[in-house]
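Just follow the structure's listing: the first ligand is 1, and inside any ligand the first atom is 1.
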Amino acid sequence: MSTTPKKYQAISGMHDLYAPEILQWQSVEDGARQIFHAYGYSEIRMPLLEETDLFVRGIGQDTGVVCKEMYTFEDKGGVSMTLRPEGTASVVRAIVEHSLFQAAPLLKLYYMGPMFRHERPQKGRYRQFHQIGCELLGTSSPEADVEVVALADHMVRKLGVTNFELQINSLGNQDDRANYINKLKTYLSRYAADFGAEDRERIEKNPLRVLDSKNPGIQKILLAAPSMLDHLGCEARAHWEAVLAGLGHLNIPYTINTRIVRGLDYYGFTAFELISSELGAQNAFAGGGRYNGLVTDLGGPDLPGIGFAIGVERLILCLGDKNQPTQKKIIYIAFMGEIAFAEARKTAYALRKAGLSVDMDYEAKSLKSQLRHAGKLQAAHTIIFGEEEIKKGTAMVKDMKTNEQKEIPIDQLVHHFANQ
Ligand code: AMP
């Protein structure tokens with residue numbers, strides 16, 4: 001007995017990308033590459049799978065990402081593996097593993113690719129999403145922070161995002177943060193009755209995360225909460241002021257937002273996000289910050305770092321219909337009869353070798369049907385190889401917009417199209 005085969009669907013929160021949308025992705029990736037190169041970054045590609053422990057140590061045991069969102073499983077050897085939820089921990093693992101820091105005093109790396117988090121899917125939030133990110137290691141100078149923030153701002157503008165805000169904060173050094181966390185806990189404990197069990201646990205384990213709560217009740221309580229910026233020591237204050245001065249000098253507009261804490265434990269000093277009002281609830285489309293202790297935490301030397309990651313899906317949502325790349329011009333080749341097919345195939349090969357985009361069918365269909373195919377592909381021109389013309393050594397070139405036709409010698413077709 002035959003059963004109807006099951007039709008499979010992509011996993012919830014994970015998407016196929018294809019034309020025409022893929023053209024915008026390619027244009028974003030190409031544009032991002034150019035800008036990274038302009039700032040001296042080189043690409044690194046890491047595996048999608050890492051030992052789970054790397055993320056637990058790197059991102060932090062009590063963060064939302066590690067506690068709730070990782071795709072973790074045991075492989076056939078019984079080792080706990082995780083599909084990477086972000087890029088920084090893997091980049092740092094690679095730097096330490098290959099001693100990449102020995103090549104130059106400053107290390108500038110960028111990456112692009114999918115990340116995985118088991119979140120509840122909604123607009124702008126997916127389980128497989130893509131990041132374009134970079135890391136600058138080897139300096140704790142605030143000038144590096146200025147350059148990295150400027151790079152993020154430059155990149156998204158160049159890619160076509162206009163309506164966004166750069167929000168920035170300082171998370172201080174470790175001592176400042178510990179001191180501030182105590183003050184924040186004391187303040188929040190006064191409102192313990194207003195928090196649910198989950199928030200109370202968060203206050204205990206990761207109180208900074210309460211600051212970016214979307215819950216309106218909590219936001220109201222936070223209005224009078226102590227601010228991290230009032231708890232910066234001398235070192236972090238000088239760093240903060242230098243970063244703001246540098247951004248001012250480059251005329252990069254920013255807003256100070258003392259609620260930006262970032263979801264991952266490794267951040268200190270500068271933290272920033274790019275926010276767009278066009279995105280709804282998931283309004284941050286890029287985020288980054290400084291992480292001075294991460295490389296030593298992952299077994300490497302004392303290498304301070306700073307980086308950011310742009311979420312590609314959210315960036316593309318911000319772009320909307322703006323900056324839509326146009327498809328490369330296509331030439332369609334139609335033919336009638338066997339002899340015409342041989343000429344058509346040869347011409348297609350020659351045109352493709354000349355770098356032109358050419359399409360054709362393999363079976364002799366009616367001219368009408370071939371022209372319909374050309375129309376579907378939005379071909380700019382169709383070259384028609386007919387029996388009569390072939391005898392004269394020519395082919396008809398039809399402009400698909402104006403319907404104008406021109407007879408051109410076959411041996412001049414490459415020259416004709418290459419010079420258009
Ligand atoms: P994070 O690594 O959490 O700092 O995120 C950096 C950027 O990645 C965010 O600003 C988003 O643009 C994007 N991002 C994070 N999580 C998701 C998700 N689940 N779906 C889509 N984009 C995401």
Side-chain angles (χ1 to χ4, degrees), residues 10-15 17 21 25 28-29 32 46 48 50 54-55 58-60 62-71 82-92 110-135 148-149 151-153 155-156 159 161 163-169 171 206 208-209 211-214 257 259-268 270-291 294 305-319:
I11 289 164
S12 166
M14 305 196 179
H15 299 282
L17 289 163
E21 207 192 344
W25 279 71
V28 161
E29 287 162 3
M46 305 83 72
L48 302 192
E50 301 272 2
L54 172 71
F55 300 117
I59 300 173
D62 296 324
T63 57
V65 170
V66 168
C67 286
K68 297 192 204 138
E69 297 168 4
M70 295 207 301
Y71 277 91
T82 294
L83 274 169
R84 64 182 188 191
E86 56 105 53
T88 305
S90 302
V91 172
V92 170
Y110 77 89
Y111 58 86
M112 301 183 179
M115 307 292 161
F116 302 84
R117 293 184 195 173
H118 196 276
E119 297 192 81
R120 197 165 44 79
Q122 64 177 76
K123 185 181 167 205
R125 192 164 72 191
Y126 312 102
R127 290 181 172 171
Q128 175 174 324
F129 60 97
H130 297 74
Q131 287 186 340
I132 293 178
C134 68
E135 316 293 348
V148 167
V149 174
L151 163 55
D153 180 88
M155 182 169 286
V156 303
L159 294 175
V161 186
N163 193 5
F164 75 96
E165 191 167 81
L166 161 64
Q167 298 191 348
I168 189 160
N169 190 21
L171 301 175
N206 198 354
L208 288 180
R209 279 325 303 269
L211 292 179
D212 65 5
S213 166
K214 299 263 188 302
N257 179 355
R259 299 277 174 75
I260 290 181
V261 291
R262 316 281 302 120
L264 322 174
D265 265 4
Y266 50 63
Y267 289 110
T270 308
F272 66 99
E273 286 188 342
L274 305 184
I275 307 287
S276 166
S277 54
E278 286 169 36
L279 287 173
Q282 306 301 321
N283 62 359
F285 63 97
R290 179 163 277 288
Y291 49 87
L294 182 62
I306 177 162
F308 69 82
I310 299 172
V312 183
E313 285 82 356
R314 289 189 199 169
L315 176 97
I316 284 178
L317 280 172
C318 291
L319 291 177

query: Any idea which part of E313 is under 4.0 Å from ligand 1, heavy-atom wise: side chain, backbone, both or neither?
result: neither
query: What atoms in ligand 1 come closer than 4.0 Å to a heavy atom of G124?
result: 20 (N), 21 (C), 22 (N)
message: When you compare ligand 1 with A309, is there at least one nitrogen or oxygen pair between them that comes in under 3.5 angstrom?
response: no
- request: Using distance alone, decide if ligand 1 has a nitrogen or oxygen within less than 3.5 Å of any nitrogen or oxygen in E86.
  value: no
task: Could you check if a side-chain atom of N163 sits within less than 4.5 angstrom of a side-chain atom of C318, using non-hydrogen atoms only?
output: no
field: Side-chain heavy-atom pair F129, M14 within 4.5 angstrom cut-off
entry: no
query: Under a 4.5 Å cut-off applied to non-hydrogen side-chain atoms, are Q167 and F272 in contact?
result: no
field: Min side-chain heavy-atom separation F308-E273 under 4.5 Å
entry: no
Minimum side-chain heavy-atom gap R125-R120 below 4.5 Å: yes
task: Below 4.0 angstrom from a heavy atom of F285, which ligand 1 atoms are there? Numbered from 1 as shown, please.
output: 10 (O), 12 (O)
- prompt: Is any N or O atom of R117, backbone or side chain, closer than 3.5 Å to an N or O atom of ligand 1?
  reply: yes
message: Geometry only, no angles: is F129 polar-contacting ligand 1 at N/O separations under 3.5 Å?
response: no
Ligand 1 contact by E119, heavy-atom criterion under 4.0 angstrom: yes
field: Gap between atom CG of L294 and atom CD of E135 - 0.5 Å precision
entry: 8.5 Å
N or O contact, R125 vs ligand 1, cut-off under 3.5 Å: no
message: To check you understand the geometry: which heavy-atom pair defines the closest contact between F55 and E86, and what is its length?
response: CE2-O, 4.2 Å
